[in-house]
Enquirer: 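Sharing a structure below in structure tokens format, with a few things to ask.
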Protein chains: 2
Amino acid sequence: MKVAWAGSREAFQVSDRMAKLVANDPVFEKFSKPILSRKELFKNTLRKAAYAWKLINDLHLNEEEAKWLRHYMDEPNYTDLQWEMFVPAIEGQGTEEQKRKWLPLAQTMQIIGTYAQTELGHGSNVRGLETTATFDRQTDEFVMHSPTLTSSKWWPGGMAKVATHAIVYARLMINGHFHGVHGFIVQLRSLDDHSPLPGITLGDIGMKFGHGGYNTMDNGVLRFDRVRIPRNQMLMRVSQVTKEGKFLHSDVPRQLVYGTMVSVRQTIVADASKALSRAVCIATRYSAVRRQFGSHNGGPETQVIDYKTQQSRLFPLLASAFAFRFVGEWLKSLYTDVKQRLEANDFSTLPEAHACTAGIKSLTTAATADGIEECRKLCGGHGYLISSGLPELFAFYVPACTYEGENVVMMLQVARFLVKTVSDLGNKQPVGTAAYLGRVAPLMQKCCVVQTAEDWLNPGVIVEAFEARAARMVISKVQQLGVFDNQEEGFAELSTDLVEASLAHCQLIVVSVFIQRLDQEIPGKGVKQTLKLLCYVYALFLLHKHQGDFLATGYLTPKQASLANEQLRTLYSKIRPNAIALVDSFNHTDHYLSSVLGRYDGNVYPKLYEAALKDPLNDSDIADGIYEYVRPILKQKLQFAKL
Amino acid sequence: MKVAWAGSREAFQVSDRMAKLVANDPVFEKFSKPILSRKELFKNTLRKAAYAWKLINDLHLNEEEAKWLRHYMDEPNYTDLQWEMFVPAIEGQGTEEQKRKWLPLAQTMQIIGTYAQTELGHGSNVRGLETTATFDRQTDEFVMHSPTLTSSKWWPGGMAKVATHAIVYARLMINGHFHGVHGFIVQLRSLDDHSPLPGITLGDIGMKFGHGGYNTMDNGVLRFDRVRIPRNQMLMRVSQVTKEGKFLHSDVPRQLVYGTMVSVRQTIVADASKALSRAVCIATRYSAVRRQFGSHNGGPETQVIDYKTQQSRLFPLLASAFAFRFVGEWLKSLYTDVKQRLEANDFSTLPEAHACTAGIKSLTTAATADGIEECRKLCGGHGYLISSGLPELFAFYVPACTYEGENVVMMLQVARFLVKTVSDLGNKQPVGTAAYLGRVAPLMQKCCVVQTAEDWLNPGVIVEAFEARAARMVISKVQQLGVFDNQEEGFAELSTDLVEASLAHCQLIVVSVFIQRLDQEIPGKGVKQTLKLLCYVYALFLLHKHQGDFLATGYLTPKQASLANEQLRTLYSKIRPNAIALVDSFNHTDHYLSSVLGRYDGNVYPKLYEAALKDPLNDSDIADGIYEYVRPILKQKLQFAKL
């Protein structure tokens with residue numbers, strides 16, 4: 001199962017090796033994080049990041065290994081931006097000359113870069129950005145400027161204190177004309193003494209959710225007061241500005257930008273499965289340790305994992321972790337396919353791939369964020385302790401619902417794609433994940449054949465149910481849209497319902513990918529059988545949760561929906577004996593989980609006690625403030641206290 | 001509307017006066033909280049608590065005023081336990097003699113008490129507690145002892161560092177026989193020098209979720225090593241132990257204990273509406289300030305509150321805040337009624353009242369916790385900043401889902417009540433909120449009469465829909481239970497479905513109470529009309545969210561469900577012009593909200609910037625750690641760095 005989770009034996013070995021490297025090195029210790037001040041926290045992470053970079057060089061780690069090492073270090077820091085945003089942006093949007101100049105500097109960390117897109121007043125809508133880059137023909141330079149307070153760059157990680165450079169997105173202005181938003185490489189700090197360059201104001205935007213979380217990172221604010229950069233620092237692969245101030249498009253297609261988005265979002269989906277698997281691992285292990293109620297004749301109480309109410313919340317999340325893992329893998333192959341097609345100037349599958357990744361980004365991150373909090377609740381009171389690892393995991397994870405495409409905005413993009421696909425049905429055969437919409441006529445008529453709970457254990461039956469539901473919801477929304485004179489107004493008015501249809505479409509994708517994965521060879525005794533159980537749990541859980549959709553579209557009868565729910569209960573009982581082995585297959589080290597509740601050895605209570613005693617409040621029996629502020633009350637002498 | 005929200009003009013005036021008193025006093029300033037270390041945070045709160053107590057005495061505030069003052073202080077601390085747990089426990093469970101002795105000491109704060117029930121290994125199941133209180137006839141004492149690690153008292157607030165006394169729940173043992181779990185008053189610390197008494201180990205259990213949140217409180221661990229207390233410190237109103245070691249029950253009914261639970265849970269429901277109203281206020285105000293997309297010809301972008309996707313997430317929460325406010329008020333009157341009946345030895349309504357408060361506690365706290373996080377997401381990226389106020393509100397609020405009755409355990413209690421009510425239908429007419437189950441025959445047969453979207457704007461239609469759904473779900477579960485030979489096994493197997501039926505029952509209660517409230521006189525022009533809109537939003541939102549239930553039970557047709565959804569969209573448009581006024585009616589001060597995004601004056605961006613600059617990382621341009629850990633990388637001299 002470990003290999004199935006990791007993807008391949010090789011992938012397992014690399015990740016396992018890096019996980020252990022980090023776990024066994026005291027420099028990467030994390031348990032003291034909650035008691036550090038913001039400054040100490042930040043400094044401590046700088047130290048770890050430097051140490052990690054040293055390890056990467058000393059051990060000659062390859063790119064894959066380095067990525068895993070940074071991942072297991074598990075503290076957001078400026079190197080994330082360097083490798084995931086700054087370098088890829090130059091690679092994707094820079095000219096060959098720009099790449100030759102900047103990439104070696106970045107790859108050896110002689111410069112450290114960040115990615116400055118969002119502004120104080122502007123997030124999702126890139127066209128609304130206010131920062132300007134005005135071409136000055138006299139000096140062959142761009143003048144970077146922040147004309148308003150709301151144009152301040154806001155959020156980029158590593159920008160406040162570390163980054164020496166940034167890719168800055170700004171409105172290109174030539175001779176008073178606006179030519180779209182483009183990226184510019186701008187130096188922020190002196191390479192001599194690290195101070196901000198003239199005209200540049202930098203600062204940290206303050207504490208964020210959670211105690212550790214992203215507070216190890218210096219998300220920053222940046223303002224320009226007419227800062228000049230050479231013309232050749234505009235990223236000019238797609239568009240160029242000539243010495244004469246002419247704005248040109250190269251023959252490199254703009255769609256390339258979408259290709260990059262597909263890549264970034266695929267990483268986000270992979271991260272979702274990792275984060276969810278951590279939470280599920282903690283909650284599952286603790287649910288086997290924790291006992292509550294159900295004692296017979298003074299014997300031990302029942303393990304909480306044996307309660308159906310616990311199983312029905314926990315096991316669907318366990319199944320989701322696997323579903324997201326496989327859909328992440330599948331997106332990776334989708335991206336390879338798209339890239340090859342783009343290189344061959346074939347843009348035909350791009351809209352479908354783009355909608356698909358946007359939707360799955362939204363679905364997986366939303367479910368993961370909710371799932372982590374659900375796991376925290378499943379751990380009862382102790383889940384509220386930082387030492388459970390879950391509060392910090394939640395605080396760390398939730399921004400994924402907002403960054404790189406806000407989740408509702410993403411689903412609206414999917415909706416636009418679906419509406420367009422249906423409108424074009426006469427002329428164009430839908431491809432890939434939208435192919436089922438080409439079979440819309442039979443899907444509108446068919447009814448589910450299920451007659452017993454057992455009948456639900458059939459991939460064909462499940463896929464058809466999800467296809468019929470999605471198709472019917474999409475068609476119904478398209479019909480409702482037809483009533484509006486103005487399509488845009490209609491789209492706005494029905495947007496919430498369209499989001500629901502998009503979700504149905506995306507759930508179909510995840511369910512289908514999971515089922516397809518089971519058609520492939522999966523080594524290991526009983527592994528495929530167990531994965532099949534999880535796949536059914538995932539699908540039938542969704543079906544029960546959204547039974548309103550399935551019933552409203554008339555594809556299912558109430559009886560069939562109820563049989564699905566009955567089967568689900570049986571499946572939970574079948575998952576139960578495998579639950580611990582399944583979460584062990586994630587191969588998470590105790591270091592990575594950083595959870596007393598999720599310890600591999602199950603030694604929860606003594607370790608909870610031990611962790612508690614480390615709190616600074618336990619330094620002395622009589623805490624600071626007791627003599628000043630509590631004793632005067634007890635002694636009825638509050639009037640004399642200095643408050 | 002302010003009066004409608006507050007409950008009465010008098011209630012508004014008291015709460016308004018206290019809110020302003022706190023907001024205008026610099027001692028109660030909260031913005032520096034995120035940058036304090038745990039020790040500083042704790043000490044700072046001790047100072048505020050002492051100051052608040054001084055104010056309460058100096059200004060001769062009455063109980064109601066003092067409660068509001070503590071509420072607006074908005075930092076969990078030991079006085080919460082003193083007034084909400086310690087004093088009520090003595091009042092409820094102490095004999096007259098015990099009350100005479102202990103209450104004056106507690107009421108003047110000559111002693112400070114906490115409430116020590118939960119243990120490291122034991123939460124919801126009180127009968128599972130391990131701490132023992134063994135009667136020693138020789139000395140007329142009880143010996144308090146912690147026989148195992150898991151028996152350590154764990155979680156009580158104020159216990160680690162402040163409390164001098166505790167009500168300790170322990171297994172009463174007399175001559176080797178177990179006589180149930182009872183409460184004992186135990187002194188923990190010396191009143192002379194505040195050190196823990198011999199045999200008593202005290203400590204803080206460590207950091208909790210969030211930065212501020214409950215970290216201002218010293219939730220503690222307590223262990224006994226054979227600590228002796230006099231016999232008269234067992235709370236003996238209900239049960240007594242005589243000098244001779246005889247265990248007796250007084251004629252005071254045990255049901256009194258349930259009465260206290262009803263009281264505590266009613267407070268929790270009131271707090272839910274307050275917490276949700278804070279989050280909704282912040283998200284609504286910010287949604288009117290924030291603009292994104294939709295710019296026409298370079299004009300301003302659209303206020304995000306004008307998007308249906310925003311409205312459909314925000315307005316149901318706004319409506320929920322009002323719904324929970326009214327159901328909280330109603331629970332208060334229910335409690336008064338129950339108390340009067342108990343005093344007259346009438347226990348007939350107690351099971352119904354108990355189930356009702358347990359269920360509504362579960363429903364409102366779960367919806368509020370999720371709602372706060374939804375509001376945070378509705379604020380986009382900036383909602384992730386501590387200065388938005390939302391992360392800390394979430395971290396502060398979520399334990400309400402677990403404490404004072406874990407939410408799923410609560411719903412299972414409701415389920416037991418519902419199953420019993422249905423089983424007894426032949427003999428006993430159900431009362432109060434379960435009365436509709438007495439009309440189960442017609443409710444099983446009727447169908448919804450709705451034909452147009454307008455038809456949904458009818459309280460009778462709505463209540464019948466919720467009654468029919470709840471009744472049908474409950475009956476169907478009872479029928480399914482009938483298939484099992486062993487009722488307990490059946491209950492366990494079907495527990496998840498039973499929880500769904502309980503939720504349906506509880507939603508019916510909240511909807512009905514909201515509708516009943518609208519039958520009362522409500523002063524203020526247009527106030528009743530606006531509340532009606534909110535009531536419909538609440539009901540139809542639930543109907544849409546749970547349409548699976550309504551369709552599966554056959555009470556609604558898909559067409560009728562779709563008409564409800566259509567009506568919901570219209571309602572959102574009607575709420576929109578009133579949204580800001582509605583959140584203003586909560587009368588929350590900027591101090592109480594502690595949110596830059598939710599400022600009354602809407603001056604969001606400059607204040608966000610200002611708040612950011614206060615982060616300690618902005619003390620200097622070159623942060624601590626840059627020279628040690630970043631410069632060596634940039635200068636390619638990492639091998640010489642000291643890591």
Enquirer: Quick one, Y609(B) with V221(A), criterion side-chain contact (heavy atoms from CB on, under 4.5 Å). Give me CA distance, side-chain angles, the key distance, then yes/no.
Expert: CA-CA 9 Å; Y609(B) 204 102; V221(A) 51; 3.6 Å; yes
Enquirer: Side-chain contact, heavy-atom cut-off 4.5 Å: E628(A) with K43(B)?
Expert: yes
Enquirer: Is there a side-chain contact between K161(A) and N618(B), using heavy atoms and a 4.5 Å cut-off?
Expert: yes
Enquirer: Taking the basic N atoms (NZ, or NE/NH1/NH2) and the acidic carboxylate oxygens, is any pair closer than 4.0 Å for R569(B) and E493(A)?
Expert: yes
Enquirer: Need one label for L36(A): side chain, backbone, both or neither, based on atoms under 4.5 Å from any heavy atom in chain B.
Expert: neither
Enquirer: Which one wins on heavy-atom pair count under 4.5 Å against chain B: E40(A), R127(A), Q480(A), K308(A)?
Expert: K308(A)
Enquirer: Run the numbers on S495(A) and T309(B) for side-chain contact (heavy atoms from CB on, under 4.5 Å), then give the verdict.
Expert: CA-CA 6 Å; S495(A) 52; T309(B) 44; 3.5 Å; yes
Enquirer: Using side-chain heavy atoms (C-beta onward) and a distance below 4.5 Å, is R189(A) in contact with I622(B)?
Expert: yes
Enquirer: Quiz question: by atom type and distance under 3.5 Å, do the side chains of H544(A) and E500(B) form a donor-acceptor pair?
Expert: yes
Enquirer: Give a yes or no on whether the backbone of T108(A) and the side-chain of Q636(B) come within a donor-acceptor separation of less than 3.5 Å.
Expert: yes
Enquirer: Begin from the C-alpha positions of F394(B) and F394(A) and carry the test ring-ring contact (aromatic ring centres under 6.0 Å, His included) through to its verdict.
Expert: CA-CA 11 Å; F394(B) 182 76; F394(A) 183 75; 5.3 Å; yes
Enquirer: With heavy-atom distances below 4.5 Å as the criterion, would you say the side chains of H194(A) and R631(B) are in contact?
Expert: yes
Enquirer: When only pairs under 4.5 Å are counted, which of W155(A), F178(A), Y51(A) shares the most heavy-atom pairs with chain B?
Expert: W155(A)
Enquirer: A side-chain contact here means heavy atoms from C-beta on lying under 4.5 Å apart; do Q639(A) and N57(B) qualify?
Expert: no
Enquirer: What option among I205(A), L120(A), I626(A) has the most heavy-atom pairs under 4.5 Å with chain B?
Expert: L120(A)
Enquirer: Name the option with the most non-hydrogen atom pairs under 4.5 Å to chain B; the candidates are D193(A), T557(A), V604(A), D218(A).
Expert: D193(A)
Enquirer: For T496(A), is it the side chain, the backbone, both, or neither that has a heavy atom closer than 4.5 Å to a heavy atom of chain B?
Expert: both
Enquirer: Hey, what do you get for CG (L41(A)) to CG (L617(B)), rounding to the nearest 0.5 Å?
Expert: 9.0 Å
Enquirer: What distance separates M207(B) CE from H211(A) NE2, expressed to the nearest 0.5 Å?
Expert: 3.5 Å
Enquirer: Looking at E406(A) and K377(B), does any basic side-chain N land under 4.0 Å from a carboxylate oxygen?
Expert: no
Enquirer: Do the non-hydrogen side-chain atoms of S124(A) and F293(B) ever get within less than 4.5 Å of each other?
Expert: yes
Enquirer: Would a 4.5 Å heavy-atom cut-off, applied to side chains only, mark L551(B) and P558(A) as touching?
Expert: no
Enquirer: side-chain contact (heavy atoms from CB on, under 4.5 Å) for F209(A) and E392(B)? Distances and angles first, verdict last.
Expert: CA-CA 7 Å; F209(A) 202 169; E392(B) 287 300 315; 5.7 Å; no
Enquirer: With a 4.5 angstrom heavy-atom cut-off, is it the side chain or the backbone of P196(A) that approaches chain B, or both, or neither?
Expert: side chain
Enquirer: Under the side-chain contact (heavy atoms from CB on, under 4.5 Å) criterion, do E301(B) and N125(A) qualify, and how do the steps go?
Expert: CA-CA 10 Å; E301(B) 297 173 291; N125(A) 183 15; 2.6 Å; yes
Enquirer: For chain B, which of G381(A), S476(A), G203(A) has the most heavy-atom pairs under 4.5 Å?
Expert: G381(A)
Enquirer: Chain B: which of M411(A), H546(A), R313(A), R291(A) shares the most heavy-atom pairs with it under 4.5 Å?
Expert: R313(A)
Enquirer: So, are D619(A) and K39(B) salt-bridged, with charged N and O less than 4.0 Å apart?
Expert: yes
Enquirer: Is K635(A) in contact with chain B via its backbone, its side chain, both, or neither, using a 4.5 Å heavy-atom distance?
Expert: side chain
Enquirer: P606(B) versus L149(A): any side-chain heavy-atom pair under 4.5 Å?
Expert: yes
Enquirer: So what's closer than 4.5 Å to chain B heavy atoms on A611(A): side chain, backbone, both or neither?
Expert: neither
Enquirer: Heavy-atom cut-off 4.5 Å, strictly under: side chain, backbone, both or neither for N565(A) against chain B?
Expert: side chain
Enquirer: What residue among V630(B), I633(B), L634(B), L638(B) forms side-chain contact (heavy atoms from CB on, under 4.5 Å) with M109(A)?
Expert: I633(B)
